[in-house]
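Right, one structure below, let's go through it.
By convention in this document, chain letters (A, B, ...) are assigned in the order of the sequence lines, proteins followed by strands, and residues within each chain are numbered from 1.
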Number of protein chains: 2
Amino acid sequence: MHAQAAPLTLPSLREACSQCNLRELCLPMGLSPAELDQLDQLVHVRRRVLRGQHLYRCGDAFESIYAIKTGFFKTDVLLEDGREQVTGFQMAGEILGLDGISTEKHTCNAIALEDSEVCVIPFAELEDYSREIGALQHHFHKVMSREIVRDHGVMMLLGIMRAEERLAAFLLNLSQRFLARGYSPTEFNLRMTRNEIGSYLGLKLETVSRAFSRFQDEGLIKVHQKHIQILDVDGLKKLLSDRRT
Amino acid sequence: MHAQAAPLTLPSLREACSQCNLRELCLPMGLSPAELDQLDQLVHVRRRVLRGQHLYRCGDAFESIYAIKTGFFKTDVLLEDGREQVTGFQMAGEILGLDGISTEKHTCNAIALEDSEVCVIPFAELEDYSREIGALQHHFHKVMSREIVRDHGVMMLLGIMRAEERLAAFLLNLSQRFLARGYSPTEFNLRMTRNEIGSYLGLKLETVSRAFSRFQDEGLIKVHQKHIQILDVDGLKKLLSDRRT
DNA sequence: CAGGAGCTTTGATCTGCGTCAACGTGAACT
DNA sequence: AGTTCACGTTGACGCAGATCAAAGCTCCTG
């Protein structure tokens with residue numbers, strides 16, 4: 001079927017949830033120290049996924065969800081004719097695989113955009129722990145709900161925004177997520193190609209490229225290939241609210 | 001704030017989950033009779049929502065999710081400038097309000113498209129019962145996951161399909177859902193306007209209207225105002241696969 | 001049953017983004 | 001240092017769907 005990195009059993013608990021610096025962004029958010037110790041039992045396998053490799057594919061049996069420890073992913077759905085809809089970009093602390101719960105098969109592909117490492121969370125066990133730890137149960141529900149809200153945001157992008165609004169919203173969203181992870185919100189490297197951005201935003205790569213150039217001409221950002229510097233956050237935000245009728 | 005129908009305490013258990021004819025579509029799906037009896041304790045308020053009224057609004061505090069007992073809803077997000085993105089249409093047996101879990105505020109509006117009745121499911125209590133009834137917990141997770149998968153489908157509609165493909169997909173989706181509820185999959189009344197369909201599909205109402213007319217000219221459907229008759233299901237399906245490059 | 005409001009249909013025209021094409025750029029090889 | 005290849009930029013042109021406009025249909029209300 002498909003090449004899959006060998007699962008990696010944890011040699012120690014040094015990197016267990018309780019010690020992980022992502023714990024306040026990730027699934028263990030808001031758990032007490034005692035509860036956190038319980039959670040350390042849950043995550044006992046980690047998996048390395050090299051750039052370009054699939055973490056899972058559409059149609060794969062669903063058994064686990066994944067928390068990104070390091071790296072960057074995209075999820076996409078492919079049509080028979082080869083067209084691709086990128087449904088999201090995920091970074092450290094975010095959860096992958098929630099789509100598989102409903103049918104017990106994954107319904108999209110998850111592909112690493114850089115060398116990455118994920119914590120494998122066996123779903124049946126997560127449900128067991130959730131029944132014991134109310135805070136975990138509740139937080140997991142929040143994670144799923146957040147994904148639904150995020151999807152609604154993407155629908156708005158795709159349904160009612162024009163090209164430049166979409167790209168501005170995209171940049172601002174990345175910016176915030178980098179900030180939340182302690183990185184610069186104004187200067188970062190894109191991990192995805194123009195084509196992937198376009199596929200996410202419902203645009204062609206040429207349109208994405210032109211919009212980047214336009215933003216640069218207007219002094220909103222500085223772009224050099226994948227390197228982005230945001231010079232005028234408010235200017236970008238204004239693009240979102242200043243919508244022509 | 002906003003007008004709200006008075007909650008309706010159940011006078012009897014005649015319409016409790018265990019007796020409800022939607023139980024195999026709705027939250028109680030797959031529960032044992034004993035578990036079903038437990039669930040009857042959970043749903044003790046029902047609410048009537050007249051056509052055009054809001055079940056909840058964006059910004060309202062989140063306390064409950066809702067199972068549609070009868071009727072038809074839309075959910076939407078409004079932009080300051082008045083533009084609307086319809087994020088979904090919901091019918092009997094489907095669950096509303098999952099978006100509110102993440103922030104404890106609703107992030108969209110839910111509006112009845114016909115006089116409707118919903119079962120109010122206090123969310124904190126649902127979580128309590130979920131911790132006791134594994135099958136309920138698991139099914140609730142499936143419901144949330146299904147919503148995520150559905151959203152991905154909408155992204156594909158909006159991101160990569162052309163106008164007629166979107167409308168065909170929309171009609172086929174409605175058709176299946178009516179079938180699952182024991183109604184004719186080939187003849188039904190739309191509860192939403194052309195404008196609402198357009199807003200859902202990322203199209204203008206004129207484009208929706210034209211696409212309906214074209215489908216009719218091609219003998220795929222018969223349309224008269226809100227009444228739809230599907231004459232050639234396979235023809236509609238073919239529209240989805242026969243995508244031009 | 002007249003008048004009007006809301007929705008739908010249809011035609012004419014416009015435009016934002018897609019498409020096609022050519023060229024530029026940088027990183028990873030030899 | 002030169003070659004290659006994937007990715008990005010830019011320009012010219014075309015088209016799907018938006019916009020503008022007008023008229024028709026249905027169902028309400030007085």
Side-chain angles (χ1 to χ4, degrees), chain A residues 50-52 74 81-86 111 113-115 157-168 170 189-218 221-228 239 242-245, chain B residues 50-52 74 81-86 111 113-115 157-168 170 189-218 221-228 239 242-245:
Chain A
L50 298 180
R51 181 186 156 141
K74 72 170 176 181
D81 66 356
R83 277 206 255 188
E84 174 194 34
Q85 174 69 36
V86 171
I111 299 147
L113 295 182
E114 60 184 34
D115 293 356
L157 280 187
L158 295 173
I160 59 187
M161 294 191 185
R162 58 184 58 245
E164 295 194 359
E165 292 173 331
R166 295 183 201 188
L167 193 65
F170 171 73
N189 283 298
L190 298 174
R191 317 298 153 99
M192 67 294 279
T193 66
R194 302 287 188 266
N195 193 36
E196 287 163 335
I197 296 172
S199 169
Y200 180 61
L201 298 177
L203 302 170
K204 291 294 157 182
L205 66 92
E206 293 94 331
T207 305
V208 173
S209 179
R210 278 185 246 270
F212 271 133
S213 300
R214 182 96 88 91
F215 286 174
Q216 182 161 251
D217 293 347
E218 288 166 356
I221 64 174
K222 218 162 153 322
V223 207
H224 180 68
Q225 304 283 115
K226 294 204 152 59
H227 186 83
I228 300 283
L239 264 184
D242 267 14
R243 41 189 40 264
R244 284 136 278 187
T245 13
Chain B
L50 298 181
R51 183 188 155 138
K74 71 168 175 182
D81 67 355
R83 278 207 253 188
E84 173 194 36
Q85 173 71 35
V86 171
I111 299 147
L113 296 181
E114 62 183 32
D115 294 356
L157 279 186
L158 295 173
I160 58 186
M161 293 193 186
R162 58 185 57 248
E164 295 194 359
E165 291 172 332
R166 296 184 200 187
L167 193 66
F170 172 73
N189 282 297
L190 299 173
R191 317 298 152 100
M192 67 295 277
T193 66
R194 302 287 188 266
N195 193 37
E196 287 163 335
I197 296 172
S199 169
Y200 180 62
L201 298 178
L203 302 170
K204 291 294 160 185
L205 67 91
E206 294 93 330
T207 305
V208 173
S209 177
R210 278 186 245 271
F212 271 134
S213 300
R214 183 94 89 90
F215 286 175
Q216 181 160 249
D217 293 347
E218 288 168 354
I221 64 174
K222 220 161 151 322
V223 206
H224 180 66
Q225 302 286 115
K226 295 205 153 60
H227 187 82
I228 300 283
L239 265 183
D242 267 14
R243 38 188 42 262
R244 284 138 277 187
T245 14

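B:R191 places no side-chain N or O within 3.5 Å of a backbone atom of B:E114 that could act as its donor or acceptor partner. A:S199 contributes no side-chain N or O that, together with a main-chain N or O of A:N195, makes up a donor-acceptor pair within less than 3.5 Å.
Using a 4.0 Å heavy-atom criterion, one finds that A:G202 contacts the sugar-phosphate atoms exclusively.
Rounded to whole angstrom, the span from the CD atom of B:E165 across to the C1' atom of D:dG17 amounts to 14 Å. The CG atom of A:L158 sits 12 Å away from the P atom of C:dG18 (whole-angstrom rounding). Spacing between atom CZ of B:R162 and atom P of D:dA18 amounts to 13 Å, rounded to whole angstrom units. Atom P of nucleotide C:dG26 and atom NE2 of A:H227 are separated by 14 Å, given to the nearest angstrom. Protein atom CG of A:L201 is 12 Å distant from nucleotide atom P of C:dC17, rounded to whole Å. When rounded to the nearest whole Å, the span between CZ of A:R214 and P of D:dT10 equals 13 Å. Here C:dT10 presents its P atom at 8 Å from CG of B:D217, a figure rounded to the nearest Å. At whole-Å resolution of the value, CG in B:N189 and P in D:dT26 are 14 Å apart.
Minimum heavy-atom separation, B:R51 to B:L113: CG-O, 3.5 Å. Of all the heavy atoms in A:M192 and A:I197, the pair that sits closest is CG-CG1, 3.4 Å.
Counting only heavy atoms from C-beta outward, the side chains of A:Y200 and A:R166 never approach each other to under 4.5 Å.
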> Nucleotide by nucleotide, 5' to 3', does protein get under 4.0 Å of the base (B), only the sugar-phosphate (S), or neither (-) in nucleotides 4-9 of chain C, counting heavy atoms?
Replying inline: ---SSB
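Judged as a side chain to side chain donor-acceptor pair (under 3.5 Å), and not counting sequence neighbours, the contacts of B:E84 are B:K74.
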